[in-house]
Amino acid sequence: MIYDVIVVGSGFSAIAVTCNLIEQLPASAKVAVIGDDPGFGRGTAYRTELFLHRLNVPAGRMSLLPHHPEDFVDWLKSHGRQLQAGDFASRSDYGLYVRDTLARLLRKRDGRCRVDFIKAKAAGCVERYKTTLAFQLGNGDEIAGKNVVLCLGVGNANLPVDPAGVPSSLRSRIIENPWRLSWLRRVAPSDAVCILGSGLTMIDQVLALRAHGHRGRIEVLSRRGLAPLGHARTPPAPLPIDVQTLPATISGQLKILRGKSREVADWRSVMDGLRPVTQALWQRLPGEERARFLRHALPWWNIHRHRVAPDVFAGFEKLVSEGTVRFHAGFLRTLGAWEDGLVAGYRVRAKREIAEIRADWLVNCTGMERAGINHSPLLKEMSRFQLIVPDPLGLGIQVDAVSEVLTPSGITPARLFAVGALTAGQFWEITAVPDIRVQAKAVVEEIVRARPNSEA
């Protein structure tokens with residue numbers, strides 16, 4: 001079958017695109033959604049069942065469809081969650097809301113397009129009939145589409161060193177994917193835990209450990225020893241920022257923004273003022289300045305930009321002040337064993353000194369890998385056939401201002417778009433719901449706009 005649109009992926013980006021397609025395409029259109037994840041649309045972030053795992057964006061900005069801004073808050077209230085627009089809902093509730101929103105749209109039988117959900121992995125991609133791209137599926141089938149939207153996310157980052165030096169009897173105590181929460185049941189209350197990485201995933205896992213009765217020490221190792229900061233209980237008004245007045249260098253921008261932070265009562269007003277202009281700011285930077293940002297400024301950007309719900313942050317800060325959670329800044333070099341436990345050897349930051357952390361468990365919370373093409377056999381094949389071009393900084397693939405994929409020849413048999421993390425090279429801030437939902441709607445509008453009148 002030849003579809004009008006094929007959506008490749010099964011995470012939040014895919015469900016956002018699918019919902020917009022259902023709303024905007026006519027009844028004559030046919031859509032296929034290819035994905036093999038049984039938790040379609042929820043992904044890793046929204047599949048957790050632990051209530052302590054909160055969104056880090058207020059509920060009022062998390063509606064799936066940007067033209068229905070109160071939708072998520074209304075859903076929460078209809079399900080007995082008495083939260084306001086400025087509150088931080090649980091991730092599990094958000095996953096249920098996303099699922100329910102798609103189901104509600106699919107229940108509209110009259111006047112909506114056909115949507116086929118194909119539970120399979122797209123294994124290959126070839127040109128068909130000069131006007132479509134065809135995908136070979138893992139189940140042996142093949143489908144083709146006139147428009148294709150790539151919504152492939154990223155996976156959990158690998159351990160920074162090879163654990164080959166750890167005896168097989170202790171390998172089960174190295175948790176490479178912390179979101180498989182069944183490991184928590186095996187942790188004794190007094191066990192020592194070493195967490196690699198100090199971002200939002202680390203805080204989630206610390207909270208999960210405490211909820212499961214763990215009361216032992218937690219050692220956190222990251223390159224700079226930085227942890228995310230918290231949202232203010234009463235958010236300050238964003239400071240308007242004119243992107244055109246900022247220099248096109250990282251050092252120049254930092255100088256001005258630090259100055260503005262000293263002039264306001266709360267630095268968060270500067271960061272929140274940057275929020276609506278971040279993509280424009282990124283696009284003004286030349287390639288070498290973008291690379292400099294990734295090398296030097298990214299960790300500080302992350303802890304100030306991607307903040308934690310106020311009550312979650314307060315609880316975490318208490319654990320730090322009590323000494324239950326301790327931070328170490330350094331570079332992991334070795335993983336080994338001592339007696340019946342694990343030992344992580346690391347070079348202390350800014351020193352030549354080698355230190356060790358001994359623990360019963362080691363948990364990989366280094367976050368998500370960057371959205372390059374090497375994690376996806378499909379993207380590697382599409383690159384080989386010159387259907388996509390990798391971003392030079394490893395931030396996904398090259399797309400234009402409307403998220404259409406750029407190719408070496410500038411010609412593709414079908415219109416090919418990307419949504420979400422794959423487009424970070426063009427947009428930078430494109431992994432959070434408020435950004436993805438706007439991008440998904442814009443891509444669908446572009447597809448609809450370009451449809452021949454006879455098909456509309």
Side-chain angles (χ1 to χ4, degrees), residues 44-45 48 50 52-54 56 91 155-163 165-166 170-230 298-299 302-303 306-309 312-313 315-338 341-349 354-369:
T44 299
T48 175
L50 189 63
L52 289 172
H53 287 167
R54 306 281 192 84
N56 64 335
R91 294 189 191 179
N156 199 60
N158 294 327
L159 284 168
V161 299
D162 189 340
V166 177
L170 293 175
R171 288 289 180 88
S172 64
R173 289 176 172 248
I174 298 177
I175 309 304
E176 298 197 38
N177 184 352
W179 292 108
R180 295 168 183 160
L181 295 178
S182 59
W183 71 274
L184 292 164
R185 295 194 295 269
R186 298 188 283 128
V187 179
S190 60
D191 281 353
V193 177
C194 175
I195 294 180
L196 301 179
S198 59
L200 295 171
T201 304
M202 175 272 296
I203 292 181
D204 284 339
Q205 297 309 313
V206 168
L207 297 177
L209 282 164
R210 301 298 287 183
H212 280 76
H214 179 258
R215 296 298 180 265
R217 63 180 172 87
I218 300 174
E219 312 286 350
V220 179
L221 173 63
S222 67
R223 292 186 175 186
R224 292 174 176 82
L226 301 171
L229 300 171
L298 180 57
N302 282 339
I303 66 171
H306 302 291
R307 304 193 291 273
V308 185
V312 172
F313 182 73
F316 179 75
E317 280 287 277
K318 186 173 185 292
L319 295 175
V320 175
S321 64
E322 293 172 348
T324 302
V325 176
R326 297 188 296 180
F327 285 86
H328 306 266
F331 301 82
L332 184 66
R333 288 289 180 258
T334 60
L335 286 177
W338 68 282
L342 301 165
V343 58
Y346 68 96
R347 179 174 66 79
V348 179
R349 184 170 182 81
I354 300 296
E356 291 183 345
I357 298 174
R358 297 187 175 188
D360 299 292
W361 297 85
L362 184 125
V363 187
N364 178 25
C365 292
T366 52
M368 310 304 284
E369 61 187 356

Side chain Asp191, main chain Gly216, donor-acceptor under 3.5 Å
no
Can you check whether Leu196's main-chain N or O pairs, donor with acceptor, with Thr366's side chain at less than 3.5 Å?
no
Smallest separation among heavy atoms of His214 and Pro189, with atom names:
CD2-O, 3.5 Å
Which heavy atom of Asp360 sits nearest a heavy atom of Leu342, and at what distance?
O-CD1, 4.0 Å
Within 6.0 angstrom of Arg210 CZ, more than 12 heavy atoms from elsewhere
yes
If I take atom CZ from residue Phe313 and atom CG from residue Leu229, how far apart are they, to the nearest 0.5 angstrom?
5.5 Å
Flag, side chain of Arg223 to backbone of Gly330, donor-acceptor distance under 3.5 Å
no
Over all heavy atoms of both residues, which pair between Ala157 and Asn364 is shortest? Give the atoms and the distance, please.
O-ND2, 2.7 Å
Just how far is it from atom CG of Leu332 to atom CG of Leu362, taken to the nearest 0.5 Å?
7.5 Å
Should the ring pair Trp183 and Trp361 be called parallel, tilted or perpendicular, given that the plane angle runs from 0 to 90° and is split at 30 and 60?
tilted
Without swapping roles, check the side chain of Arg186 against the backbone of Ser172 for a donor-acceptor pair under 3.5 Å.
yes
What is the distance from atom CZ of Arg307 to atom CG of Asn56, rounded to the nearest 0.5 Å?
9.5 Å
Hey, does the side chain of His212 reach the backbone of Ala208 with a donor-acceptor pair shorter than 3.5 angstrom?
yes
Heavy-atom pair of closest approach, residues Pro228 and Val308
CB-CG2, 3.8 Å
Full working for side chain to side chain contact (heavy atoms under 4.5 Å, CB included) between Ile354 and Thr334
CA-CA 10 Å; Ile354 300 296; Thr334 60; over 6 Å; no
Residues Arg358 and Trp338: closest non-hydrogen pair is CB-NE1, 3.3 Å
Working to the nearest 0.5 Å, report the span between CZ of Arg215 and OG1 of Thr324.
9.0 Å
Side chain to side chain contact (heavy atoms under 4.5 Å, CB included), that's the test. Do Val161 and Leu159 meet it? Break it down for me.
CA-CA 5 Å; Val161 299; Leu159 284 168; 5.6 Å; no
Grab the two heavy atoms, one from Ala329 and one from Arg224, that are nearest each other, plus how far apart they are.
CB-C, 3.7 Å
Could you tell me whether a side-chain N or O of His328 sits under 3.5 Å from a main-chain N or O of Leu221, the two making a donor and an acceptor?
no
Measure the CD-CD1 distance between Glu219 and Ile195 for me, rounded to the nearest 0.5 Å.
10.0 Å
Would a distance-only check, ignoring hydrogens and angles, find a side-chain to backbone donor-acceptor pair under 3.5 Å from Arg171 to Pro163?
yes
Side chains of Asp204 and Arg91: closer than 4.5 Å at any heavy-atom pair?
yes
Interatomic distance, Cys365 atom SG to Ile203 atom CD1 [nearest 0.5 angstrom]:
10.5 Å
